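Each remark here refers to the structure printed beneath this line.
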Amino acid sequence: MIDLNLLRDNPDAVKASQRARLADETLVDQAVAADAAYRKALAEFEQQRAEQNKSAKAVGAASPEQRPALLAEAQALAAKVKELEAAASAASEARDQVLWKIENVVLSGVPTGGEDDFELVKEVGTKPTFAFEPRDHQELGEILDIIDIPRGTKIAGTRFYFLKGWGARLELAMMSLALDQAAAAGFTALITPTLVRPEIMAGTGFLGEHADEIYYLEKDDLYLTGTSEVALAGYHRDEIVDLSHGPLRYAGWSTCYRREAGSGGKDTRGILRVHQFNKLEMFSYCLPEHAEAEHAKLLAWQEQMLQACELPYRVINTAAGDLGSSAAAKFDAEAWVPSQNTYRELTSTSNCTTFQARRLNMRYRNEAGKTETLATLNGTLATTRWLVAILENHQQADGSVVIPKALRPYLGGQEVISPK
RNA sequence: GGAGAGCUGUCCGAGCGGCCGAUGGAGCUGGUCUUGAAAACCAGUGAAGUGAAAGCUUCCGUGGGUUCGAAUCCCACGCUCUCCGCCA
């Protein structure tokens, strides 16, 4: 949810943001009007309620003789207040409905436009050159017997797979490396629930834009999360947290579930786009004024991890139209995928400023002791998809794959995965 | 799945339908005392909305209801604990 004060004081700024996102600009005027209507209704209700409270007190204090007359008056007031209360709550709901549709106000520096209007921030590393025709990760997975897709689909359908042998160990090694790196940077490790209640899913904003993407267990009224961000954002819901010793940083590991509705036919080969994968996600709670600096740090940690895996990558500054509704700015790191001769997203880091925290009612106490809404940020540190880039970039002519040095300690010193 | 007990502020804990945003204690903050500390004593110490402000309104797990008036009575749900059952 956007800042109400900003909406009241500077609706034009909100409009400009909606425009940059290619989103509905008229929502802003609707919200301003709904807000004014709500405040009017609230004032009327509260004024009458004050009357009623006085009247009810008078009834209590009245002598038996006075009581009947006062009671009649109080009853009339009660009926009126009930109406006004209903009106005020309807106005509040109407306001919220519009308000919740308005997306986070984009930061300056975010490129305007859609998916293709990103700004290239940097390219890092050297793309590998092969003296042979490079194989794609699915083929490598088969040759090395580390990714078993036929059996995955046999037991669960398309977009499911087994990681096997060194493949399974490679993923765990990568997660361990990422977790160690995160811990060294001051993150607290969390293994999170992957089933959450509706209000958490809604609060984190995923029921809106991603509703079709989400698995839902009707019998239990629970949602399977597509990222541990949901649990990490919900972790401090309704809390006033202490940020006086710096940001709260969590590294959440979880399995992620995505229906991938609407992406039929896209990325059908291999494990680039699957229904179930694992992810280590960084999540920060910090002061609003530190959010942009924290965002840069998250990106730096992601780059550190990409470099540890010896992957060539580029960083892009996502355009406003391609931002999630909670994000005010987003950087993606994309690794080079030789078989596709292009970069593919491996990480994403979003600065949600106070937008997400306002929805989830998460605050901190400032130096004066007043509560204020905090800022939240998130960023990927490792996912199953990274295996695609690791396998393809480090492959050799015979189909073997050289394991990045940083991962070897987690694999008993193994240096190469070779075909059987 | 069944039976029972409970849910009140940072924590513990009291609370008769009106005098309860809420007694008491701990903690925390400030002060007195002290060379300093501890102890003792004194004072302060929830949040949200609205309003220029005074103020007003709301919040006792959540949502409904009864009532002129609900922390208190009724209903539903959530959660915690105990016992029984079941269990990859």
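Bear in mind that the values here come from a model prediction, so they are computed numbers and not experimental data. Residue numbers start from 1 in every chain, and the chains themselves are labelled A, B, ... in the order their sequence lines are given, proteins ahead of strands.
With a cut-off of 3.5 Å on both pairing distances, the Watson-Crick or G-U wobble partner of B:A40 is B:U32. B:G69 makes up no base pair with any nucleotide shown, lacking Watson-Crick or G-U wobble contacts both under 3.5 Å.
Of the candidate nucleotides B:A48, B:C68, B:U50, B:U50 has the atom lying nearest to any side-chain atom of A:R39.
RNA chain B is contacted by both A:E372 and A:K57; A:K57 maps to the nucleotide lying nearer its 5′ end (nearest heavy atom per residue). Nearest-nucleotide mapping onto RNA chain B: of A:A56 and A:I240, the residue sitting toward the 5' end is A:A56.
Classification of A:R363 and A:E372 as a salt-bridged pair fails, no side-chain N sitting under 4.0 Å from a carboxylate O. One finds no salt bridge joining A:E260 and A:R258 here, because no Lys/Arg side-chain nitrogen approaches an Asp/Glu carboxylate oxygen to under 4.0 Å.
A:E73 comes within 4.0 angstrom of no nucleic acid atom, judged by non-hydrogen atoms across all strands. Using a 4.0 Å heavy-atom criterion, one finds that A:A74 contacts the sugar-phosphate atoms exclusively. Residue contacts shown for A:K80 are absent, as no nucleic acid heavy atom lies under 4.0 Å away. Contacts of A:R358 with the nucleic acid, taken as non-hydrogen atoms under 4.0 Å apart, are absent.
Taking atom C1' on both B:A38 and B:A70, the two are 46 Å apart, rounded to the nearest angstrom. With both ends at atom P, the span from B:A47 to B:C41 equals 27 Å, rounded to whole Å.
Residues A:L280 and A:L179 form a side-chain contact, since some pair of their non-hydrogen atoms from C-beta on lies under 4.5 Å apart.
Between the C1' atom of B:G49 and the CG atom of A:N361 lies a distance of 13 Å, rounded to the nearest Å. Residue A:R197 contributes atom CZ, which lies 10 Å from atom C1' of B:C77 at whole-angstrom precision. Look at CG on A:L70: it is 14 Å from P on B:C68, rounded to the nearest Å.
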Spell out protein contact along nucleotides 53-62 of chain B as letters: B when the base is contacted, S when just the sugar-phosphate is, - when no protein heavy atom is under 4.0 Å; keep the 5' to 3' order. ---BBS----
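Taking only side-chain nitrogens and oxygens, A:R365 comes nearer than 4.0 Å to OP1 or OP2 of B:A47. The shortest distance between the side-chain N/O atoms of A:K82 and the OP1/OP2 oxygens of B:U66 is below 4.0 Å.
The aromatic rings of A:Y285 and A:H236 stand perpendicular to each other, their planes meeting at an angle above 60°, with 30° marking the opposite boundary. A:H295 and A:F331 have tilted rings, their planes meeting at an angle from 30° to 60° on a 0 to 90° scale.
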Working note: A:Y250 + A:F187, criterion ring pair (Phe, Tyr, Trp, His ring centres under 6.0 Å); need CA distance, chi angles, decisive distance, verdict. CA-CA 5 Å; A:Y250 298 100; A:F187 284 80; 8.6 Å; no
